[in-house]
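Every value quoted in this text rests on a predicted model; they were computed, and no experiment measured them.
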Amino acid sequence: MASGIRAILARIFLSTLLGGSAWAQSEVGLTGINSTVTDPSGAAVCGAAVSVHSNETGLQRETKTTDAGFYTVPGLRPGTYEITVQQQGFATAVRSGVHLTVGSAATWNIALALGQTAQVTDVSAEAAV
């Protein structure tokens, strides 16, 4: 009887250990974007709509900038993304070819140009800062 209880306890211990390990690994390999949106003078743009899209997976995440013009999009898989930023009174900014790798969050700051949202300013991606 005691060996039966030990076997059950061992199974519970192993399933808890392996289950926790699998959960922890689900977060491994993710990255994100932490950046700011500014106007032509370098001032923060508050409340701008930010969209991050992956053509590879179809994933789309949306957020808005804070009072300081900051935005963050965590939990992204490594790959190539497109960032679109829109705010009334500014031309829509599109940054294509944003390549994210595992290890740390990338910084892709965007300066909006004055204009109408129907205008699109395409910004080519450069190395992350």
Side-chain angles (χ1 to χ4, degrees):
M1 181 79 165
S3 64
I5 292 174
R6 279 190 233 152
I8 291 171
L9 290 175
R11 286 182 188 159
I12 291 171
F13 174 75
L14 287 174
S15 66
T16 303
L17 179 66
L18 294 176
S21 174
W23 180 80
Q25 289 178 358
S26 68
E27 295 299 317
V28 172
L30 297 181
T31 186
I33 301 171
N34 299 312
S35 302
T36 57
V37 176
T38 57
D39 67 13
S41 71
V45 176
C46 170
V50 179
S51 175
V52 176
H53 177 75
S54 168
N55 288 329
E56 298 164 351
T57 65
L59 174 77
Q60 176 125 355
R61 296 270 177 87
E62 296 178 359
T63 189
K64 292 207 177 263
T65 58
T66 65
D67 291 343
F70 180 77
Y71 71 94
T72 183
V73 182
L76 298 173
R77 300 235 178 258
T80 304
Y81 292 83
E82 179 179 274
I83 303 170
T84 303
V85 180
Q86 295 179 314
Q87 177 66 312
Q88 186 174 1
F90 294 94
T92 299
V94 177
R95 179 166 280 177
S96 303
V98 175
H99 187 70
L100 300 179
T101 58
V102 176
S104 64
T107 301
W108 296 94
N109 297 326
I110 296 177
L112 296 179
L114 294 175
Q116 301 301 316
T117 54
Q119 294 174 290
V120 176
T121 304
D122 193 10
V123 182
S124 60
E126 299 172 5
V129 178

Determine whether [X] and [Y] make a side-chain contact, defined as any pair of heavy atoms from C-beta on separated by less than 4.5 Å.
| X | Y | answer |
| --- | --- | --- |
| Val98 | Glu82 | no |
| Val73 | Tyr81 | no |
| Ile110 | Ile83 | yes |
| Thr31 | Val102 | no |

Exercise: identify the closest heavy-atom pair between [X] and [Y]:
| X | Y | answer |
| --- | --- | --- |
| Tyr71 | Trp108 | OH-O, 3.3 Å |
| Thr65 | Ala48 | OG1-N, 2.8 Å |
| Lys64 | Ala49 | NZ-CB, 4.1 Å |
| Gly32 | Leu100 | O-CD2, 4.2 Å |
| Ser35 | Ala106 | OG-O, 4.1 Å |
| Gly75 | Arg61 | O-NH2, 3.5 Å |

Listed partners of Asn34 passing side-chain contact (heavy atoms from CB on, under 4.5 Å), at least two apart
Phe70, Thr72, Ala105
Residues two or more places apart in sequence or in another chain: which of them pass side-chain contact (heavy atoms from CB on, under 4.5 Å) with Thr101?
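For Thr101 the side-chain contact (heavy atoms from CB on, under 4.5 Å) partners, ignoring immediate neighbours, are His99.
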About how many Å separate [atom2] of [Y] and [atom1] of [X], when rounded to the nearest 0.5 Å?
| X | Y | atom1 | atom2 | value |
| --- | --- | --- | --- | --- |
| Cys46 | Asp39 | SG | CG | 12.0 Å |
| Thr84 | Arg95 | OG1 | CZ | 11.5 Å |
| Thr63 | Ile33 | OG1 | CD1 | 11.0 Å |
| Thr38 | Leu112 | OG1 | CG | 7.0 Å |

Would Val52 and Leu76 count as a side chain to side chain contact (heavy atoms under 4.5 Å, CB included) if you check the C-alpha gap in whole Å, the side-chain angles of each, and the deciding distance to 0.1 Å?
CA-CA 10 Å; Val52 176; Leu76 298 173; 4.2 Å; yes
Checking [X] now: which residues fulfil side-chain hydrogen bond (donor to acceptor under 3.5 Å, both in side chains) with it, not counting sequence neighbours?
| X | answer |
| --- | --- |
| Gln60 | Ser51, His53, Glu62 |
| Ser54 | Thr57 |
| Thr36 | Asn109 |

